[in-house]
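Here is the structure we will look at, set down as structure tokens.
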Amino acid sequence: MAGLAGDSGRSSAPSPSVVAVVANRRDGTTIRYAVRSPRGAEVTSREGLVRLVRELEADLTPRWTWWTAAEIAPTLVTEGVVPQRSWDISEAHRILHGGWEAGPGVAWAASHGIPIAGVPAPPSGDLFEFASSTPDDGRLVRPDGHLRPDAVTGDWLDADERLLLWAEALAEVAERQLMEARALGPRVEATIHSESAAAVLCVELAQHGLPLDRVIAEELIVAAAGPRPETVEDELAARRIRDAVVLRHVPGRESTDLRNPAQVKGLLAAVGVDVPDTRKWTLETHRHTHPVIDALLIWRKDERIATTYGHRWLALHVGADDRLRGGWTACDGAGGRMTAENGLHNLPAALRPAVAAHPGHLFVRADLGQIEPRVLAVVSGDAAFAEATRADDLYAPVAARLGVERAVAKIAVLAAMYGQRSGAAGEALKGLERAYPVAMAHLDDAYAVGVRGGDLRTFGGRLIPTGRFLRGEPIGANPALDAARGRFARNAVIQGAAAELFKAWAATVRAAVAPLGAEIVLCLHDELLVHAPEGVATEVAALVDQSLTDAARRWARGAPVRFVADTSIIKRWSEAK
DNA sequence: TTGACCACGTA
DNA sequence: CGTACGTGGTCAAC
């Protein structure tokens, strides 16, 4: 179940099998862990923790509670003992209170109802530190109710008794968060369980990496950027060669810096092309008016690979084991989608052939079909729109109902969800209002809340920070800003809920396929890539589909909405779609 | 060195 | 056409 809704019973007090675990580094090398479990409280070593996790997981399947998975889980992933259920205080805080800053001091304050603005800054170590430092009276909590900042940084936790106090504070915050979650509604506790599992998954993704075919990767990079430069001179020479292909179309202006948009704009003006900016989308319409434009657009593609996904990128982020690694976060600062670094979320399609299963393995790739309109059907509770989700292609029944072409219906639905301002969706939008008034009203309500800068929560209970666009300006002072906030809000309730379903699915898949030796290696908003031993790939694919049925049923809580996955078994990522 | 802006890749 | 993200380039201010 991977810490999902399956165990979200209504036990009144925190389960006795909650285990609080905190870490602290002593002497710069030794790491100590304080653990509060049904066996009692103890301070132990790394080996002791690993042993404890192994034993308790077998006996109790407890919910491991930590400030953040990033602090404890890397060790457990390395040792191959990964808890099934966890409560991640930082992720819970982000869901309950919004924003992204979620350290112990902030989570403690928020769960105690103390203004976050008063959370003391960490000790800076400068000369004035002495005067303003918190006196050491042996207490973890200051008279003003905040945690000692030198406990948050770990400096104060030198003695075992203090580390146990730290674990006690952790358990208290988790307990308060649980009460907050239950008070907010029926889904929030399950969302936190799922989000905590996603945070552990992020630790695994960062550690395992994405399998790559290095030979193919190098070929593709060489084709775009030239051979791997040995020296700075080599690199500059390769650059000049790439530039010359474009500049030969404009004799007399060979000194133009193609990386400087202002100079490119001047260059285009000189050949008679007058554009407001030099974006690809703008230049696309002028593609055949002058050969330099086509050359420039091709140059941009190659330049992207040369600078961002080139030889340096390969050397820096792809390990000797041919795996691409980057940091992962379980949620962004807006709707709550996962984020990834080092190209894991924005690898150009041209490089996808390089993403390949390693010898003896296959990829099981699956993506959710039309997830956003299906999610809208759940979160709005629109019975008519839910009916449309019974079709494999949701836009077909919508088109039939509106009496328009499928393409028109699709544009209208997307326009309604994303707040399109231009285009030809007008008539079909009116049809949507008549056919699916509940779903459309849900979107309009979110828009209105955004415009007035109000609070919003996703279906799963995540607080949406619509105020992030305020920028100090009062509401109503800037109509464009008000509208931008409205569009953000309208989108966030859909994108955020979709992220919640996706993470519930991912966590379920992770737990289901692990016994077969398969592991998730990429999460891409609505797409999963699982690396599986080839003998079990078919079985893994079936588990991926079954996990969607299970996760969607729990997540949607009985809403008659169907979710579909397109699942395939492939050797290279480029074979799909 | 830092931050703003541009540009562009992914969903 | 909307939203979200991460990265790298240039340029201006510090």
Side-chain angles (χ1 to χ4, degrees), chain A residues 100 210 224-225 239 243 256-265 275-284 296-310 312-313 316-317 326-352 355 367-372 375 407-408 410-426 428-429 443 446-447 450 458 464-466 468-469 471 483-499 502 522-529 573 577:
Chain A
W100 213 81
L210 178 67
R239 233 170 94 143
D243 295 3
T256 307
D257 181 357
L258 297 173
R259 295 157 192 83
N260 183 329
Q263 287 192 33
V264 172
K265 203 176 152 186
V275 283
D277 57 66
T278 69
R279 289 188 175 93
K280 187 173 84 170
W281 191 82
T282 308
L283 297 185
E284 207 75 61
L296 179 65
L297 290 172
I298 293 168
W299 174 90
R300 286 244 178 97
K301 256 183 146 55
D302 288 345
E303 183 71 4
R304 168 68 51 186
I305 290 177
T307 56
T308 307
Y309 306 106
R312 191 182 298 111
W313 168 80
L316 221 51
H317 304 301
W328 288 79
T329 65
C331 73
D332 59 26
R337 299 217 292 200
M338 293 171 79
T339 70
E341 298 172 334
N342 300 340
L344 285 158
H345 267 183
N346 44 9
L347 201 68
L351 288 182
R352 286 192 177 196
V355 178
D367 76 294
L368 300 176
Q370 304 166 339
I371 181 177
E372 295 194 335
V375 158
V408 176
K410 178 176 175 177
I411 287 172
V413 169
L414 295 177
M417 286 191 303
Y418 301 156
Q420 179 185 326
R421 288 167 297 177
S422 58
L429 264 173
L443 294 166
Y447 184 87
T458 62
I464 300 291
T466 64
R468 74 202 300 255
F469 290 127
R471 295 195 308 218
R485 242 178 6 250
R487 285 195 306 278
F488 165 70
R490 188 205 304 255
N491 184 257
V493 293
I494 303 299
Q495 195 182 92
F502 177 81
L522 190 72
C523 293
L524 198 46
H525 308 313
D526 67 350
E527 181 175 357
L528 276 178
L529 208 53
W573 197 16
K577 261 188 179 168

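Note on naming: letters A, B, ... go to the chains in the order of the sequence lines (proteins, then strands), and numbering restarts at 1 for each one.
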What integer distance in Å separates [X]:[atom1] from [N]:[atom2]?
X: A:Q263; N: B:dC6; atom1: CD; atom2: C1'; answer: 14 Å
X: A:L296; N: B:dC6; atom1: CG; atom2: C1'; answer: 14 Å
X: A:E303; N: C:dG8; atom1: CD; atom2: C1'; answer: 10 Å
X: A:R304; N: B:dG9; atom1: CZ; atom2: C1'; answer: 6 Å
X: A:W573; N: B:dA11; atom1: CH2; atom2: C1'; answer: 10 Å
X: A:I494; N: B:dA11; atom1: CD1; atom2: C1'; answer: 15 Å
X: A:L524; N: C:dC5; atom1: CG; atom2: C1'; answer: 11 Å
X: A:K301; N: B:dG9; atom1: NZ; atom2: C1'; answer: 9 Å

Base, sugar-phosphate alone, or nothing: which one does A:L344 contact when heavy atoms must sit under 4.0 Å apart?
->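 No contact.
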
Compare the minimum distances between each of [options] and the side chain of [X], then state the nucleotide with the smallest one.
X: A:R300; options: C:dG2, B:dT10, B:dA7; answer: B:dA7
X: A:R259; options: B:dA11, C:dG9, C:dC5; answer: C:dG9
X: A:N346; options: C:dG8, C:dC1, B:dG9; answer: B:dG9
X: A:K280; options: B:dC8, C:dA4, C:dT10; answer: B:dC8
X: A:N491; options: C:dG2, C:dC5, B:dA11; answer: C:dG2
X: A:R487; options: C:dG2, B:dA11, B:dA7; answer: C:dG2
X: A:H525; options: C:dA4, B:dA11, B:dC8; answer: B:dA11

Can you find a pair of side-chain heavy atoms, one from A:Y309 and one from A:L347, that are under 4.5 Å apart?
->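 A side-chain contact under 4.5 Å exists here.
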
Would you check if there is a donor-acceptor pair between the side chains of A:D332 and A:T339 at a distance under 3.5 Å?
->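 A:T339 vs A:D332: no donor-acceptor pair found between side chains.
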
Under a 4.0 Å N-O cut-off, is there an ion pair linking A:R259 with A:E303?
->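 Salt bridge present between A:R259 and A:E303.
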
Determine whether any donor atom in the side chain of A:R337 lies under 3.5 Å from an acceptor atom in the base of B:dA11, or the reverse, and answer yes or no.
->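 Under the 3.5 Å cut-off, the side chain and the base do form a donor-acceptor pair.
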
Working for side chain to side chain donor-acceptor pair (under 3.5 Å), residues A:W299 and A:D243 = CA-CA 8 Å; A:W299 174 90; A:D243 295 3; 3.0 Å; yes

